[in-house]
Amino acid sequence: EIAQCLVCSEMCIRDRARTIHMSLQSNKRSQTKSSSARRKDIYKKSKYYQEKRQKLLIATGIGIFVLVFILILAGIRGCSNYMSSRQAAAKKTVSMNASKDNSQKASSDSQNTDSSNATVSSPVSLTLSVAGDCTLGTDETFDYDTSLNAYYENYGADYFLQNVKDIFSTDDLTIANFEGTLTDSDERENKTFAFKAPASYASILTGGSVEAVNTANNHSHDYGDQSFNDTLAALDDAGIVHFGYNETAVMDVKGIKVGLVGIYELYDHLEREQQLKDNIAKVKADGAQLIVVIFHWGNETETVPDSNQTTLGRIAIDEGADLVCGHHPHVLQGIETYKGRNIVYSLGNFCFGGNSSPSDMDTMIYQQTFTIDADGVKKDNVTNIIPCSISSAAYDGYNNYQPTPAEGDEATRILGKINERSSWISTAEGSTFTAKYNSNNDSQSSSADTAASDSDIVDMNSSASDNTDAETYDESYDTDNSDAE
């Protein structure tokens, strides 16, 4: 028992010693840990640690900034590459579409060219009618009861051209000189005569089958620029093609492109040469195959063209015109054939509201049939000069504003006047144009050496008498030639 007690005591002592040892070890570790923590706290509070920590934070911030900057650059580059690829794809698409469109256009142009060539390769016959001054209105100082406007109110628009409508409706293109304004403006220019009418008067032209008009003349701005613009608008609304000054027109007639040029010569005469050349070049560039040049030129009541007219008329043909026609003198002048093309120096008045009783009521419709083939316009000079009066009441001595073809002796007399005045022209080629009239409206070749073979054709030579030379000048004509454009 004593021995067991000793063993137990020894074991207790050992356990106690082990406990004490473990306690000492734990205290030691605790003291070591506490000491380490204190050293760390002291270290963290040291200046060295603070500076090091600050540098570390700065370096970290710089690193983060650089990283963000790199990421931004990478993003921008990526977007740029994306946009570039999109643009490249878009350009490729546009290029493909453009290529496709160009291919289609080229195919279309080729088809059009082939069609045009096919049309021209088979000769096309095209008849043009040209008439002189159409003043569809009146001057505010005229007696209203005898004015064109009064006739319009009493008889309507179709009254005026009803006697020539059959001629104009059976040709391929009718051209006239529109001399006046279609406007409601009251801003009258300071001039001797100024003509105007409401816009509805444009229906006189459409009712008479007139398709195109020249507007370059000394009455186009009678009520200022506004009246000119109003006139063009009224013509547009009526479907009438207009040209003049620097405005040209190209019309498609039976598949042939007809170029129209209108020149106002009165103000600066030969200085219009460059404008003439430019406008002819313009319609050529627009594809014109047949070119008609209309001049407002010359001197009132003069029966012989002056040197300005002959010079400009021949220049027009040298530049490519196939026909030249003029007006303004209010009387008929002769016709010259130059290089196989005709220059009709003055067509006279036509549907003329500028005078209720002019002393000379003779006029004409100049008609020519052109043949166009693959080689261009033939120089066969097929013309039909239709003698007319500006009034169906000419025998009664007044103007009822209804141009009418002449018949019988009157037709013979007017043709004789045209031929005599043609003989007065000092032509460039020494030949004289001979006017012929086919009452059936079938155009015939005209030249100084060709006689008529059809009983319906009236052919008068220069031996015909002209009883108008002694006529005194009628003061109711517009004598103001100085109107600027």
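All values below come from the heavy atoms of this structure, side chains included, with hydrogens, waters and symmetry mates left out. Note that the structure is predicted; figures quoted are calculated from it, not measured.
Taking Y152 as the reference, Y201 meet the ring pair (Phe, Tyr, Trp, His ring centres under 6.0 Å) condition, with sequence neighbours excluded. Under the salt bridge (Lys or Arg N to Asp or Glu O under 4.0 Å) criterion, D318 pairs with K339, not counting sequence neighbours. The ring pair (Phe, Tyr, Trp, His ring centres under 6.0 Å) check on Y223 picks up nothing, with sequence neighbours excluded. Partners of F243 under the ring pair (Phe, Tyr, Trp, His ring centres under 6.0 Å) rule, at least two apart in sequence or in another chain, do not exist in this structure.
No donor-acceptor distance shorter than 3.5 angstrom exists from the side chain of W424 to the backbone of Q333, with no hydrogens or angles considered. The main-chain N or O of S209 is never found under 3.5 Å from a side-chain atom of K165 such that the two would form a donor-acceptor pair. Of the possible donor and acceptor atoms, none in the side chain of T337 sits under 3.5 Å from a partner among the backbone N and O of G340. Remark: side-chain polar atoms of S391 are paired, donor with acceptor, to backbone N or O of N400 under 3.5 angstrom.
A distance of 7.5 Å separates CG in L347 from CG in L332, rounded to the nearest 0.5 Å. Between atom CD1 of residue I418 and atom OG of residue S423 there is a gap of 12.5 Å, rounded to the nearest 0.5 Å. Distance check: N229 CG to T181 OG1 gives 11.5 Å after rounding to the nearest 0.5 Å. From E265, atom CD reaches atom OG1 of T311 across 10.0 Å, with rounding to the nearest 0.5 Å. A distance of 10.5 Å separates CD in Q289 from CG in D322, rounded to the nearest 0.5 Å. From L312, atom CG reaches atom OG of S307 across 9.0 Å, with rounding to the nearest 0.5 Å.
Using a 4.5 Å cut-off on side-chain heavy atoms (C-beta onward), N381 and N342 make contact. No side-chain heavy atom of I240 sits less than 4.5 Å from a side-chain heavy atom of F178. Taking 4.5 Å as the limit, some side-chain heavy atom of E211 sits within range of a side-chain heavy atom of T174. Looking at L148 and T138, their side chains never come closer than 4.5 Å, going by heavy atoms from C-beta outward. For the pair N349 and N355, the minimum side-chain heavy-atom distance is 4.5 Å or more. E302 places none of its side-chain heavy atoms less than 4.5 Å from the side chain of V331. At least one side-chain heavy atom of H296 sits less than 4.5 Å from a side-chain heavy atom of N177. A heavy-atom distance below 4.5 Å is not found between the side chains of I386 and V164.
Contact check on R314 versus E336 returns a salt bridge, with a Lys/Arg side-chain nitrogen under 4.0 Å from an Asp/Glu carboxylate oxygen. Electrostatic pairing of R413 and D362 counts as a salt bridge here, judged by a charged N lying under 4.0 Å from a carboxylate O. Note on D360 versus K417: salt bridge recorded, some NZ/NE/NH1/NH2 to OD/OE distance being below 4.0 Å. Electrostatic pairing of D139 and K191 does not count as a salt bridge here, judged by no charged N lying under 4.0 Å from a carboxylate O.
Among T183, D186, D222, the single residue meeting the side chain to side chain donor-acceptor pair (under 3.5 Å) criterion with K196 is D186. For the side chain to side chain donor-acceptor pair (under 3.5 Å) with T369, the qualifying choice from N384, D380, T127, D172 is T127, the only one to do so.
Within a 6.0 Å sphere centred on NZ of K378, other residues, nucleotides and ligands contribute 12 heavy atoms or fewer. For E429, the CD atom is densely surrounded, since the number of other residues' heavy atoms within 6.0 Å is greater than 12. Atom CG of D143 has more than 12 neighbouring heavy atoms from other residues, nucleotides or ligands inside a 6.0 Å radius.
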Item to complete: Decide yes or no on side-chain contact (heavy atoms from CB on, under 4.5 Å) for N214 and H327, but give the supporting numbers first.
Response: CA-CA 11 Å; N214 167 67; H327 28 67; 3.7 Å; yes
Worksheet entry | Worked check of side chain to side chain donor-acceptor pair (under 3.5 Å) between Q402 and S392 | CA-CA 6 Å; Q402 193 177 60; S392 63; 2.8 Å; yes
Discussion item. Please evaluate residues Q367 and S129 with respect to the criterion side chain to side chain donor-acceptor pair (under 3.5 Å), reporting the C-alpha separation (whole Å), side-chain torsions for both, the decisive distance (0.1 Å), and the verdict.
Written reply: CA-CA 4 Å; Q367 198 169 76; S129 300; 2.8 Å; yes
Practice prompt. Would you please test R341 and V324 for side-chain contact (heavy atoms from CB on, under 4.5 Å) and show each step?
Written response: CA-CA 8 Å; R341 311 301 189 196; V324 175; over 6 Å; no
Discussion item. Let's go through K257 and D286 carefully: what are the C-alpha distance in whole Å and the side-chain angles of both, what is the deciding distance for side-chain contact (heavy atoms from CB on, under 4.5 Å) to 0.1 Å, and is it a yes or a no?
Written reply: CA-CA 9 Å; K257 291 186 177 181; D286 291 337; over 6 Å; no
Discussion item. L235 vs T215, test: side-chain contact (heavy atoms from CB on, under 4.5 Å). Steps then yes/no.
Written reply: CA-CA 10 Å; L235 294 171; T215 59; 4.1 Å; yes
Discussion item. Could you walk me through whether Y245 and S220 satisfy the side chain to side chain donor-acceptor pair (under 3.5 Å) test, starting with their C-alpha distance in whole Å, then the side-chain angles of each, then the deciding distance to 0.1 Å, before giving a yes or no?
Written reply: CA-CA 11 Å; Y245 301 116; S220 62; 2.6 Å; yes
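Across all non-hydrogen atoms, the minimal contact from G298 to L266 is O-CD2, 3.5 Å. The shortest heavy-atom contact between Y144 and E153 is OH-OE2, 2.6 Å. When all heavy atoms of G180 and N217 are compared, the closest pair comes out as N-OD1, 4.3 Å. Here the closest heavy-atom approach between residue T363 and residue S389 is recorded as CG2-C, 3.8 Å. Taking every heavy atom of both residues into account, G224 and S227 meet most closely at O-OG, 2.6 Å. Closest approach of T206 to A238, counting heavy atoms only: CG2-O, 3.1 Å.
Screening residues 234-247 for salt bridge (Lys or Arg N to Asp or Glu O under 4.0 Å) gives no qualifying pairs among residues at least two apart or on separate chains. Residue pairs meeting the ring pair (Phe, Tyr, Trp, His ring centres under 6.0 Å) criterion with at least one member in residues 384-411, sequence neighbours excluded, are Y151-Y401.
In this pair, F228 and H221 present their aromatic rings parallel. The plane angle is below 30°, not in the 30 to 60° band. Using the six-membered ring where Trp is involved, H330 and F352 have ring planes that are tilted, between 30° and 60° apart.
For the 3.5 Å distance criterion, the side chains of S356 and N399 fail to qualify, holding no donor opposite an acceptor.
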